[in-house]
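Written below as structure tokens is the structure these notes are about.
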Amino acid sequence: MKIISFFENFLKRDSLFKEKNILSSSYTPEDIIFREEQIQEIANILAPALRLEKPSNVFIYGKTGTGKTLSVRHVLKSMLLLAEKNNLELKTIYLNCKLKRVVDTEYRLVAQLIKEFGEEVPPTGLPTDEVYSTFYELLDKKKILLLLVLDEIDQLTKKMGDDILYNLTRINAELHNSQVCLVGISNNLVFAENLDPRVKSSLSGEELIFPPYNALQIQDILRKRAEIAFKPGVLLPGVVEKCAAYAAREHGDARRAIDLLRVAGELAERGGKLKIEIAHLDEAEKKVESDKIICAVTDQPKQFQTVLYAILLLSPQKKNFFTGEIYDLYQELCKKIKLNVLTQRRISDILAELDMLGIINAKIISKGRYGRTREVCLSLEENILLKLKELLEKSLNLS
DNA sequence: AGGTATTCACATGAAACTATTCTCTGAGTTAGG
DNA sequence: TAACTCAGAGAATAGTTTCATGTGAATACCTGT
């Protein structure tokens with residue numbers, strides 16, 4: 001019955017939010033501030049599509065949270081609207097290549113494209129070129145102009161090499177009626193540099209760079225959203241400024257700032273407060289960070305978790321340690337929980353991945369006569385470590 | 001003392017392998033006419 | 001004879017293993033003073 005009174009209490013309490021989804025990452029605002037120039041530029045490049053002429057391929061660079069995706073989607077949306085009104089055979093497809101198990105290989109990319117045309121293709125079993133020809137057939141059935149947006153395209157090539165991109169650029173050569181225009185979005189500013197020159201020239205006909213927002217701009221963006229998202233007077237002065245400062249520190253990532261603000265609001269609400277204080281922001285930052293890590297660790301394979309557990313066990317003893325030590329302890333652990341032991345080669349890769357995820361800090365050092373190795377140390381806060389340890393023990397069935 | 005050469009303990013890369021999931025094909029089997 | 005079944009060949013993928021090669025600097029080993 002306690003739970004009933006909790007819910008009653010919950011209902012009685014006023015929410016701090018007026019419209020929470022304004023602060024969710026999927027929300028697309030009507031007008032995008034500080035990006036007018038870039039939006040206009042994209043529009044200029046893609047405009048020929050409305051006359052069913054193929055625009056040049058575009059490549060868009062910019063760090064995370066600089067509004068690339070938002071701007072492109074905005075342009076596409078209005079083009080689609082116009083196309084519909086004028087009965088134009090214009091189609092747009094937006095794909096995020098980061099999505100695991102959806103668009104992270106060549107096969108799956110094409111399969112996903114086919115899905116966008118309302119057909120299904122088996123998840124495996126067919127040769128890739130057959131899937132390609134199905135796609136061509138589908139696309140070529142009638143004259144269409146396709147705007148294909150590939151977000152985080154660098155992820156795709158990192159895994160599979162740039163053959164994929166080469167194949168994509170060749171699509172138009174295979175088609176008789178339809179035409180495809182590619183829009184690539186990349187977080188990596190030097191992405192095109194180490195690309196096959198043939199691919200590069202045909203892919204990046206036009207290039208566009210999104211600069212990061214500065215703290216003031218982020219402040220404006222936050223204020224604009226907060227105005228609608230929260231009830232009036234909920235935000236204490238200084239919160240938005242602090243939030244923007246946090247984000248500006250992280251290369252002007254607006255998405256992060258908005259996330260932070262939302263989580264701070266949630267925390268304040270959960271704590272029964274009527275105002276959002278600066279302290280909530282600090283708390284929110286910790287929570288966002290820890291959630292990210294916990295989430296990343298949870299869906300890693302057992303072997304991966306075991307390696308992390310080994311590091312966790314080693315960490316109280318000394319500040320930093322080397323690959324060999326981790327491997328030794330890992331082997332023992334594996335024996336204990338009856339897991340087959342992986343090679344040191346593999347562990348080396350796993351350590352590199354852990355480093356990428358920001359869970360550990362690994363630096364390759366040379367100890368001179370005593371070899372070369374990774375110097376690993378944990379870079380997380382105490383309470384995250386405890387949470388992680390608990391999680392791993394549960395997941396690995398350790399006592 | 002100063003300069004090279006060694007050497008350690010891994011790092012890093014490429015290719016190949018394994019297990020799993022899934023499709024397609026065609027031979028063999030079955031049931032109905 | 002058409003429909004059905006089922007084994008076998010072949011793909012894609014994730015996660016590894018195997019083999020080969022690379023590497024930075026603390027030491028060992030010279031050399032000439």
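These figures come from a predicted structure and were not determined experimentally. Every chain is numbered from 1 and lettered A, B, ... according to where its sequence line falls, protein lines coming before strand lines.
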Between the protein and nucleotides 16-18 of chain B, which nitrogen or oxygen pairs come in under 3.5 angstrom?
none

What protein N or O atoms touch nucleotides 19-22 of chain B N or O atoms at under 3.5 angstrom, if any, and at what distances?
none

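- A:E393 places a side-chain heavy atom less than 4.5 Å from the side chain of A:K389.
- The nearest heavy atom of DNA chain C to A:P127 and to A:P301 marks one nucleotide each, and the one closer to the 5' end goes with A:P127.
- Regarding contacts with the backbone of B:dA11, a side-chain N or O of A:T323 is found under 4.0 angstrom from either OP1 or OP2.
- In terms of the side chain to side chain donor-acceptor pair (under 3.5 Å) criterion, A:D154 has no residue partners (sequence neighbours excluded).
- The other members of the hydrophobic cluster of A:I22, by chain and number, are A:Y27, A:I228 (side-chain heavy atoms under 4.5 Å, ILVMFWY only).
- A cation-pi contact, defined as under 6.0 Å to the ring centre and within 45° of the axis, is absent between A:K335 and A:Y330.
- Of all the residues in residues 342-367 of chain A, A:Q344, A:R345, A:S348, A:I364 reach under 4.0 Å from DNA chain B with at least one non-hydrogen atom.
- No donor-acceptor contact under 3.5 angstrom links the side chains of A:T64 and A:N187, judged on distance only.
- Side-chain atoms of A:L267 and A:K287, non-hydrogen and from C-beta on, do get closer than 4.5 Å to each other.
- By the side chain to side chain donor-acceptor pair (under 3.5 Å) test, A:T134 is found to be paired with no residue, residues two or more places apart in sequence or in another chain being considered.
- Closest-nucleotide positions on DNA chain B for A:G371 and A:R374 were compared, and the one nearer the 5' end corresponds to A:G371.
- Residue A:K159 is classed as a sugar-phosphate contact, given heavy-atom separations below 4.0 Å to backbone atoms only.
- When the side chain to side chain donor-acceptor pair (under 3.5 Å) test is applied to A:N44, the partners found at least two apart in sequence or on another chain are A:Q40.
- We find that A:R346 and A:E353 are joined by a salt bridge, their nearest charged nitrogen and carboxylate oxygen being less than 4.0 Å apart.
- For A:R35, there are no side chain to side chain donor-acceptor pair (under 3.5 Å) partners two or more places apart in sequence or in a different chain.
- Counting only heavy atoms from C-beta outward, the side chains of A:L23 and A:R225 approach each other to under 4.5 Å.
- Within the nucleic acid shown, A:V341 comes within 4.0 Å of sugar-phosphate atoms alone, with no base atom in reach, counting heavy atoms only.
- Between A:E325 and A:D328, every side-chain heavy-atom pair lies at or beyond the 4.5 Å cut-off.
- Applying the ring-ring contact (aromatic ring centres under 6.0 Å, His included) test to A:F210 and every residue at least two apart in sequence or in another chain returns nothing.
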Identify each atom pair where a protein N or O and an N or O of nucleotides 5-7 of chain B are less than 3.5 Å apart, giving names and distance.
residue	atom	partner	partner atom	Å
B:dT7	O4'	A:R369	NE	3.2
B:dT7	O4'	A:R369	NH2	3.2
B:dT7	O3'	A:R369	NH2	3.0

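- For DNA chain C, the span of nucleotides reached by chain A at under 4.0 Å from its heavy atoms goes, 5' to 3', from C:dG10 to C:dA28.
- Side-chain atoms of A:V149 and A:T92, non-hydrogen and from C-beta on, never get closer than 4.5 Å to each other.
- Pairs engaging residues 43-101 of chain A under the ring-ring contact (aromatic ring centres under 6.0 Å, His included) rule: A:F59-A:Y61, A:F59-A:F191 [sequence neighbours left out].
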